[in-house]
> 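I'd like to ask some things about the structure below.
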Amino acid sequence: MNSQYVVAKFGGTSVANFEAMQRCAAIVHDNPDVRVVVVSASAGVTNHLVTLTQQKVDAAEREALFQSVMTIQQDILACLTLDTDLQAGFNDTKEAFYALAQLPALDAQQCDEMLSFGERFSSYLFTQVLRDLGVTSSRFDVRQVLKTDRQFGKAVPDVAATRDAAMAHLTPQLSEQVVVTQGFIGSDNQGQTTTLGRGGSDYSAALLAEAIAAQSVHIWTDVVGIFSTDPRLCHKARPIARLSFDEAAEMATFGAKVLHPATILPASRSGISVFVGSSRDPHAGGTWIEKNNRSEPGIRAVTQRKNQILLTLKSPEMLLASGFLARIFTILSAHNISVDLVTTSEISVALTLDNAPNATRPELAQACLDELGEFCQVSVENNLTLVAMIGSEIQLRHGEASLMQVLADFNIRLICHGASRHNLCFLVEQGESDAVVQAIHSRLLEAA
Ligand code: ADP
Ligand code: ASP
Ligand code: MG
């Protein structure tokens, strides 16, 4: 049985500066059911921290990056007076950040430690903004409860351990006050800091909502919901009022950056509603993703994910032999590689992988290519984009003529359709992908 509690998550632009934080604090103040607040690093901070983890950065650049991060925090701090408990924690965090920023080379665990500072700073500052608005609140270190494995850079949460720790340390506090905590970060079983991958604060919010059996999770960002495509790309994109868990999960997976790909998982598993809205315009509505939302047949949205790698593996010896795919996937799995699309023929298999810039770790290691190369020809192509049409019961004959006409103008590399009734995906050259999305949106989503 779920409680009345709501988990509210505020993304990087929502906590970018003092005024933005004040708008978010007002949202919390106005909804007494909000008991857990999850904050991201202020916009731009995590990118600086990612650069700080890179080996090629010299001492002068490290100092400049440290200063850039601290300037963003100080600009907010200039509008606040931190209570003594928060001031002490903030100072300690700054010292730890400074010490780590001196090191010329970091191991994987230290990289995650470095990446954690943005969320840690935001949580001190946001707690004070809430207190100044009269909301009884305290800052909570999420690493006490959000338990993960040790895959630094992209750690996998331990749902049972997180729930047990939340029941012991977090839930008892919620009847008394609002708890402000960090997105994106967690800790392993030795208490060392881990991170969930870029954009992971949405996922943290959903995991915490599950752990405290919340009624819903509210993702406050810079757009009034999930749109039919990225509104930055098509000005005619429209917000979608209701989505089913399946459709929302597909949209997040295939590139609607508005939600981290894994966000829907805990919510749908535990029947927790998800709302996506704009912290700039909280009364403008947004998207509700709920268990009982029915998906209407047809295409609802088009998304894109840039920087895809197409890996083609070919082995004529495998004609009529068995075990080829098993061997490939064993190697990929040993290297923790997550594959998105797969198409096969008798002697070859093509796979797509993500290669996002600013990712916290590279997806495709040379060691993995070498192992694959021992038994097949390997070809790697970069600079591709995965375009996905999302909806329900999508069939190629839905608007077949117009879809084929739209695509005829472009060079399509690979098509995947059929494994899920909720998507139809293909790869295009990155340079063409914005135009492909705009063409599909205009022909198939604006006409209705
Ligand atoms: P936050 O910092 O709040 O986590 P993000 O930048 O991660 O915010 O996600 C919000 C952005 O996602 C929007 O500004 C928008 O440009 C982009 N976006 C991409 N696809 C969509 C979509 N289908 N609907 C809404 N926003 C989208
Ligand atoms: N600050 C992290 C990032 O920029 C996590 C997040 O904002 O969701 O990736
Ligand atoms: Mg985000």
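Note that the structure is a prediction, hence the values are computed from the model and not measured. One-based numbering along the sequence shown. First listed ligand is number 1; within each ligand, the first listed atom is number 1.
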> Identify, with sequence neighbours excluded, every residue that meets side chain to side chain contact (heavy atoms under 4.5 Å, CB included) alongside A161.
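Partners of A161 under the side chain to side chain contact (heavy atoms under 4.5 Å, CB included) test: K147, D158.
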
> Taking L233's backbone N and O only, do any of them form a donor-acceptor pair with Q438's side chain (distance below 3.5 Å, no angle check)?
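Answer holds: yes.
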
> Among protein heavy atoms, which sits nearest to atom 24 (N) of ligand 1, and what does the distance come to when rounded to 0.1 Å?
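Looking at atom 24 (N) of ligand 1, the protein heavy atom closest to it is F227 N, 2.8 Å.
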
> I'd like to know if the side chain of E119 and the backbone of Q182 have a donor-acceptor N/O pair within less than 3.5 Å.
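The answer is no, because no donor-acceptor pair under 3.5 Å joins these two groups.
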
> Which ligand 1 atoms are under 4.0 Å away from a heavy-atom of R232?
13 (C), 14 (O), 15 (C), 16 (O)

> Mind checking whether M251 has an N or O less than 3.5 Å away from an N or O of ligand 1?
no

> Starting from the C-alpha separation in whole Å, work towards a yes-or-no answer on side chain to side chain contact (heavy atoms under 4.5 Å, CB included) for T194 and R150.
CA-CA 7 Å; T194 57; R150 290 172 57 77; 5.7 Å; no

> Any heavy atom of A237 closer to ligand 1 than 4.0 angstrom?
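Heavy atoms of A237 never come under 4.0 Å of ligand 1.
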
> Show the protein residues that qualify under the rule heavy atom under 4.0 Å from an atom of ligand 2, listing them in chain and number order.
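Residues within 4.0 Å of ligand 2: S40, A41, T46, E119, F184, R198, G199, G200, S201.
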
> Minimum heavy-atom separation for F18 and I76, please, with both atom names.
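Between these two residues, the closest heavy atoms are N-CG1, 4.0 Å.
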
> Of the backbone atoms (N, CA, C, O) and the side-chain heavy atoms from C-beta on, which set of R198 has a member under 4.0 Å from an atom of ligand 1: side chain, backbone, both, or neither?
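Neither; no heavy atom under 4.0 Å.
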
> So for S14, does at least one of its heavy atoms come nearer than 4.0 angstrom to any atom of ligand 1?
no

> If every non-hydrogen atom of L86 is compared with every non-hydrogen atom of R139, which pair is closest and at what distance?
CD2-CB, 4.0 Å

> If you draw a 6.0 Å radius around CZ in R280, do more than 12 non-hydrogen atoms from other residues or ligands fall strictly inside?
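Count not over threshold, so no.
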
> Please give me the minimum heavy-atom distance between S40 and G11, naming the atom from each residue.
OG-CA, 3.6 Å

> Can you list the ligand 1 atoms lying under 4.0 Å from a non-hydrogen atom of I226?
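So the atoms of ligand 1 that pass are 24 (N).
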
> Do you see a donor-acceptor pair shorter than 3.5 Å between the side chains of Q128 and D132?
yes

> Identify the heavy atoms of T287 and I240 that sit nearest to each other, and give their distance.
OG1-O, 2.7 Å

> Heavy atom of R238 under 4.0 Å from ligand 1?
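No; R238 lies far enough from ligand 1 that no heavy-atom distance drops under 4.0 Å.
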
> Under 4.0 Å between a Lys/Arg side-chain N and an Asp/Glu carboxylate O for R305 and D354?
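The answer is yes: the pair qualifies as a salt bridge.
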
> Nearest non-hydrogen atom to atom 18 (N) of ligand 1 belongs to which of I219, L259, T287, D230?
D230

> How does T221 reach ligand 1, if at all, at less than 4.0 Å between non-hydrogen atoms: by side chain, backbone, both, or neither?
both

> Tell me the contacting part of T303 for ligand 1: side chain, backbone, both, or neither, using a 4.0 Å heavy-atom threshold, strictly below.
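None of T303 does.
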
> Would L384 and E429 count as a side chain to side chain contact (heavy atoms under 4.5 Å, CB included) here? Give the steps.
CA-CA 5 Å; L384 295 164; E429 301 290 335; 4.3 Å; yes

> Could you tell me the residue and atom name of the protein heavy atom closest to atom 12 (O) of ligand 1, and the distance to it rounded to 0.1 Å?
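Going atom by atom, the protein heavy atom closest to atom 12 (O) of ligand 1 ends up being V258 N, 3.4 Å.
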
> Say whether K257, considering both its backbone and side-chain N or O atoms, lies within less than 3.5 Å of an N or O atom on ligand 1.
yes

> Does S228 approach ligand 1 within less than 4.0 angstrom via side chain, backbone, both or neither, non-hydrogen atoms only?
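Neither; no heavy atom under 4.0 Å.
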
> What residue and atom, counting heavy atoms only, is the protein's closest point to atom 2 (O) of ligand 1, and at what distance?
G12 N, 3.1 Å

> Between R163 and E210, does at least one N-O distance fall below 4.0 Å, as a salt bridge requires?
no

> Give the atoms of ligand 1, by number and element, whose distance to some non-hydrogen atom of D222 is under 4.0 Å.
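Near D222, meaning under 4.0 Å from one of its heavy atoms, ligand 1 has 10 (C), 11 (C), 13 (C), 14 (O).
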
